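Right, one structure below, let's go through it.
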Amino acid sequence: MASPAEHGCSAGGGPWGPGARLTLRRPDDWHVHLRDGALLQAVVAHTARPFARAIVMPNLRPPITTAAMGAAYRQRILDALRGSAGDAAAAAFTPLMTAYLTESIDPDELERGHGEGVFTAAKLYPAGATTNSDAGVRDLAHIPRVLERMERIGMPLLIHGEVTDPAVDIFDREAVFIERHLQPLLQRHPGLKVVLEHITTAEAAAFVAEGPGTLAATITPHHLHINRNALFQGGLRPDFYCLPVAKRELHRQALRRAATSGSPKFFLGTDSAPHERQAKESACGCAGIYNAPYAIESYAQVFSEAGALAQLEGFASEHGPRFYGLPLNPGQITLERRALDPDGPGLPAVLELANGTGTPTRLVPFHAGEQLEWALLEA
Ligand code: DOR
Ligand code: ZN
């Protein structure tokens with residue numbers, strides 16, 4: 001077989017030394033926060049750079065609860081992308097919209113939005129679990145008609161899987177959610193497609209791997225790179241704070257095994273969640289890690305370290321569309337084995353991004369100050 005460096009051949013083992021190239025079917029991001037207004041304008045091009053499609057989270061204020069709101073938000077995303085990266089970038093990117101489940105959401109509205117091609121899926125936020133989740137669901141028993149309808153029409157349910165019970169330790173909230181809520185939900189709705197989003201524990205990885213074919217999970221780059229020590233490394237580190245919070249090293253190892261296993265039940269979802277620097281670095285810092293600028297490089301590093309580059313294409317570009325019942329993307333991307341910032345001190349500590357207001361948006365990217373070993377080549 002020709003060396004990857006010579007031919008830019010696709011994943012399949014071989015010597016992945018400096019200069020080697022890895023070509024993949026163009027990937028998608030199955031979980032991202034693109035925000036709105038100036039922040040949307042600042043961040044959207046980062047997601048559209050490697051990804052053809054992205055499942056866009058609906059936790060705006062007010063949340064996206066109607067098809068009209070979803071369609072208008074989709075248009076704002078495309079307009080912002082056109083403004084920041086041009087017509088070709090906007091034409092090449094498809095935002096896949098989600099509905100925010102409230103206890104009063106109308107199942108007919110969901111079905112209409114799904115049927116019109118506005119809503120690809122619906123997102124369940126347990127009320128109080130995370131950013132802008134106050135309007136979420138307090139108890140799954142309060143929305144039986146919504147869940148029945150989604151099961152009937154084949155609309156995937158995307159779950160932030162953490163209990164909000166203050167008596168449960170924050171590091172146990174995902175595992176307890178699985179036991180108390182997810183397992184019974186799957187039993188009540190055997191036909192419902194469920195994605196357990198941004199899994200963080202060995203329990204979640206095992207539950208999904210052993211679960212029915214209707215159940216899958218997304219895994220973020222940050223949960224593959226950091227464990228909970230990162231939050232306290234040399235002081236309090238708000239840029240590593242997200243929800244679900246990173247867990248112990250044994251959980252990170254379990255997530256790495258799941259992501260690189262080749263199982264079609266695990267796929268790429270960055271959960272890139274930008275908050276302006278001053279909102280992160282404050283007395284009550286917001287949860288969320290901004291990983292969109294180097295997301296595909298970050299995943300490539302994990303698969304490279306695991307000796308599993310042959311599995312990256314499935315995780316990034318195939319398992320997600322197959323689960324959602326969508327076509328695979330036609331295009332390709334190429335990554336090259338080289339330092340992302342070969343001469344510098346590492347990746348920028350802060351990004352100052354134009355947003356159309358004249359005052360840039362300041363965001364700390366995931367991997368700030370570090371080096372990554374794979375670089376995305378521009379198309
Ligand atoms: O860290 C997070 N940030 N987790 C979430 O579930 C929401 C997200 C956000 O919207 O900021
Ligand atoms: Zn999220």
Side-chain angles (χ1 to χ4, degrees), residues 28-40 42-44 46-47 51 54-64 73 77 95-101 120-137 156-164 170-171 173-174 177 194-201 204 216-228 230-231 237-247 255 267-282 284-292 295 298 320 361 363-366:
D28 304 299
D29 184 349
W30 298 96
H31 183 128
V32 69
H33 299 265
L34 293 179
R35 312 303 195 202
D36 211 345
L39 190 48
L40 166 63
V43 303
V44 64
H46 283 148
T47 291
F51 299 118
I55 284 276
V56 181
M57 288 298 121
N59 61 333
L60 305 182
R61 273 188 200 278
I64 303 294
Y73 182 32
I77 292 168
L96 301 173
M97 310 310 292
T98 57
Y100 182 116
L101 295 185
T120 299
K123 177 70 188 271
L124 173 76
Y125 287 107
T130 188
T131 308
N132 294 347
S133 63
D134 317 347
V137 173
L157 176 68
L158 317 184
I159 300 184
H160 182 112
E162 287 192 286
V163 293
T164 54
I170 190 165
F171 293 102
R173 287 181 184 178
E174 182 175 276
F177 182 91
V194 172
V195 183
L196 187 57
E197 300 287 344
H198 42 54
I199 60 169
T200 60
T201 56
T218 53
I219 307 182
T220 75
H222 42 281
H223 291 113
L224 293 169
H225 277 279
I226 62 169
N227 62 33
R228 65 192 194 178
L231 283 153
R237 304 287 295 274
D239 297 312
F240 295 125
Y241 174 54
C242 64
L243 289 170
V245 71
K247 309 296 193 295
L255 298 175
F267 43 84
L268 186 160
T270 63
D271 199 16
S272 181
H275 292 276
E276 297 226 29
R277 189 181 185 189
Q278 73 266 23
K280 291 283 299 169
E281 299 175 9
S282 85
C284 188
C286 295
I289 292 180
Y290 186 51
N291 61 35
S298 180
T361 296
L363 296 171
V364 176
F366 187 49

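Fair warning: this is a prediction, and the values are worked out from it, not measured in the lab. Atoms within each ligand, like the ligands themselves, are counted from 1 in listed order.
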Problem set entry | Under 3.5 Å: N/O of Y241 near N/O of ligand 1 | no
For this session: Decide side-chain hydrogen bond (donor to acceptor under 3.5 Å, both in side chains) for E197 and H160; before the verdict, give the C-alpha distance in whole Å, the side-chain angles of both, and the deciding distance to 0.1 Å.
Result: CA-CA 6 Å; E197 300 287 344; H160 182 112; over 6 Å; no
For this session: Tell me, with the steps shown, if L268 and T218 meet side chain to side chain contact (heavy atoms under 4.5 Å, CB included).
Result: CA-CA 6 Å; L268 186 160; T218 53; over 6 Å; no
Exercise. Which residue owns the protein heavy atom closest to atom 4 (N) of ligand 1, what's the atom, and how far is it?
Worked result: L243 O, 2.8 Å
Exercise. Where do I77 and M97 land on the side chain to side chain contact (heavy atoms under 4.5 Å, CB included) test, with the steps shown first?
Worked result: CA-CA 10 Å; I77 292 168; M97 310 310 292; 3.9 Å; yes
Problem set entry | Distance from atom 6 (O) of ligand 1 to nearest protein heavy atom, with residue and atom | T130 OG1, 3.0 Å
Exercise. For atom 3 (N) of ligand 1, what's the nearest protein heavy atom and its distance?
Worked result: A287 O, 3.0 Å
For this session: Decide whether the shortest distance between a heavy atom of R35 and an atom of ligand 1 is less than 4.0 Å.
Result: yes
Exercise. Of all the N, O or S atoms in D271, which one sits nearest to the Zn ion (ligand 2)?
Worked result: OD1
Exercise. Does any N/O atom on H275 come nearer than 3.5 Å to any N/O atom on ligand 1?
Worked result: yes
For this session: Starting from the C-alpha separation in whole Å, work towards a yes-or-no answer on side-chain hydrogen bond (donor to acceptor under 3.5 Å, both in side chains) for T270 and D29.
Result: CA-CA 6 Å; T270 63; D29 184 349; 2.5 Å; yes
Exercise. Hey, which atoms in ligand 1 end up nearer than 4.0 Å to a heavy atom of A273?
Worked result: 3 (N), 8 (C), 9 (C), 11 (O)
For this session: Dump the intermediate steps for side chain to side chain contact (heavy atoms under 4.5 Å, CB included) on T361 and R277, then the final yes or no.
Result: CA-CA 8 Å; T361 296; R277 189 181 185 189; over 6 Å; no
Exercise. Relative to the heavy atoms of C242, which atoms of ligand 1 are at a distance of less than 4.0 Å?
Worked result: 1 (O)
Seminar exercise, completed: Checking heavy atoms under 4.0 Å, the part of I289 that sits near ligand 1 is neither
For this session: Run the numbers for me: atoms of ligand 1, each under 4.0 Å from some heavy atom of H160, listed by number.
Result: 6 (O)
Problem set entry | H33 backbone or side-chain N/O/S under 2.8 Å from the Zn ion (ligand 2) | yes
Exercise. Nearest heavy-atom pair of D271 and L243: which atoms, and what distance?
Worked result: OD2-O, 3.9 Å
For this session: Decide yes or no on side-chain hydrogen bond (donor to acceptor under 3.5 Å, both in side chains) for S272 and H33, but give the supporting numbers first.
Result: CA-CA 6 Å; S272 181; H33 299 265; over 6 Å; no
For this session: Mind checking whether K123 contacts ligand 1 via backbone (N, CA, C, O), side chain (CB onward), both or neither, at a 4.0 Å heavy-atom cut-off?
Result: neither
Exercise. By atom name, which N, O or S atom of H31 is the nearest to the Zn ion (ligand 2)?
Worked result: NE2
Exercise. Can you tell me if an N/O/S atom from E197 lies under 2.8 Å from the Zn ion (ligand 2)?
Worked result: no
Problem set entry | Aromatic ring proximity H198/H223, centre distance under 6.0 Å | no
For this session: Verify the distance criterion only: is there a donor paired with an acceptor across the side chains of K247 and T200 at less than 3.5 Å?
Result: yes
Exercise. Is a side-chain donor-acceptor pair under 3.5 Å present for H275 with Y290?
Worked result: no
Problem set entry | the Zn ion (ligand 2) to nearest N/O/S of H160 less than 2.8 Å | no
